[in-house]
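Residue numbers begin at 1 in each chain, while the letters A, B, ... track the order of the sequences.
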Protein chains: 2
Amino acid sequence: MSSEIRRSMPLLSISIVMQLTDLTARQIRYYEEHDLIQPHRTEGNRRMFSLNDVDILLEIKDMLEQGINMAGIKKVFDMKNDPAIQQASKEVISDSDLRKILREEMRQAQRMQKTSLRQGDLSRFYQ
Amino acid sequence: MSSEIRRSMPLLSISIVMQLTDLTARQIRYYEEHDLIQPHRTEGNRRMFSLNDVDILLEIKDMLEQGINMAGIKKVFDMKNDPAIQQASKEVISDSDLRKILREEMRQAQRMQKTSLRQGDLSRFYQ
DNA sequence: ATTATATGTTAGAAAAACTGACATACAGTG
DNA sequence: CACTGTATGTCAGTTTTTCTAACATATAAT
């Protein structure tokens, strides 16, 4: 999809992403360390972020504020990328893991709603 | 207009603008020197460009390739910003200046067409 | 032949970003 | 209560990026 290509263009330096997300450089790098984002690198090894990355960072921020930890956030993103898990089909996640995630999601249900809204926050920056 | 605000947000470093426009840093700074763009500055004095700036740079590039010089480009932008000149009304530009510009525009008419298209080139980067 | 224009190149300085290490607040657990 | 793990702060030393200013140069205009 060409719109994916656009939104995934690595145009933004870390300082701009800090402003856009209100996260510290430390936090952004930490989330990368945990594989939640994979910013592009320049020849000189500087991180370059796409608008997609910024969206993801805003989601991470919201979920953290809701008390979900890295592991939980990772699972949530995994679920997004693989709808199969929603059918509880061939997923490689243990039953206890799955129950844990679902329980968490239940408990945070209303606030998750707020998260979904928050996701759209960045739309004002492109188009 | 809020869409103006979006497109005028200074998000891009000069190296990214170089990639996007295929201009050198020297060229970009030279055009700024001639007041064709006014990039924002960080606290540390680094230039930060908006998508609008990039569009303008692409227009400058096209016009230069068509043989229009800085002065001509300046006038073209002035005309854009002040539609009054199109009516040849209260403009502060001398008659000879005006004739010169118009002659230039005539001669480059077909290619100016191409320029207008070129302006839209960047649309693929936002939305 | 001279001048002006647009751009290249270089040097030295300053800002921004990187990694890695150590510090710490807070939550959860035995 | 002491202990541990998690997410983040902070600092040091280094590298990359960007800045200005100056000088060089090719091409076009006079």
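Put simply, the side chain of Lys74(A) never gets that close to the backbone of Leu36(A): no donor and acceptor are under 3.5 Å apart. Using a distance-only test at 3.5 Å, with no hydrogens or angles considered, a donor-acceptor pair links the side chain of Asp53(A) to the main chain of Ser50(A). No donor-acceptor distance shorter than 3.5 angstrom exists from the side chain of Gln19(B) to the backbone of Ile16(B), with no hydrogens or angles considered.
Rounded to whole Å, the distance from CD on Glu65(B) to P on dT27(D) is 17 Å. Taking atom CG of residue Leu36(B) and atom C1' of nucleotide dT5(C), one finds them 14 Å apart after rounding to whole Å. Residue Glu32(A) contributes atom CD, which lies 8 Å from atom P of dC18(C) at whole-angstrom precision.
For Arg41(A), no side-chain nitrogen or oxygen approaches OP1 or OP2 of dT16(D) to under 4.0 Å. Residue Arg47(B) places at least one side-chain N or O closer than 4.0 Å to OP1 or OP2 of dC19(D). The phosphate of dT6(D) (OP1 or OP2) has no side-chain N or O of Tyr30(A) nearer than 4.0 angstrom.
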Kindly give the atom pairs (protein nitrogen or oxygen, nucleotide nitrogen or oxygen) under 3.5 Å for nucleotides 10-16 of chain C.
{"residue": "dA15(C)", "atom": "O4'", "partner": "Arg46(B)", "partner atom": "NH1", "Å": "3.4"}
{"residue": "dA16(C)", "atom": "OP1", "partner": "Thr42(B)", "partner atom": "OG1", "Å": "3.2"}

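By the neighbour-count criterion of 12 heavy atoms within 6.0 Å, atom CD of Glu43(A) is sparsely surrounded, having that number or fewer from other residues, nucleotides or ligands.
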Contact state string [nucleotides 22-30 of chain C, B base, S sugar-phosphate only, - no protein heavy atom under 4.0 Å]: ---------

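Of all the heavy atoms in His40(A) and Pro10(A), the pair that sits closest is CB-CB, 3.6 Å. Residues Glu59(B) and Lys80(B) approach most closely at OE1-NZ, 2.7 Å, considering heavy atoms.
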Glu32(B) and Arg41(B): CA distance, side-chain angles, deciding distance, salt bridge (Lys or Arg N to Asp or Glu O under 4.0 Å) verdict: CA-CA 12 Å; Glu32(B) 179 191 9; Arg41(B) 296 289 184 126; 3.4 Å; yes

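Residues passing the salt bridge (Lys or Arg N to Asp or Glu O under 4.0 Å) test with Arg26(A): none are found, sequence neighbours excluded.
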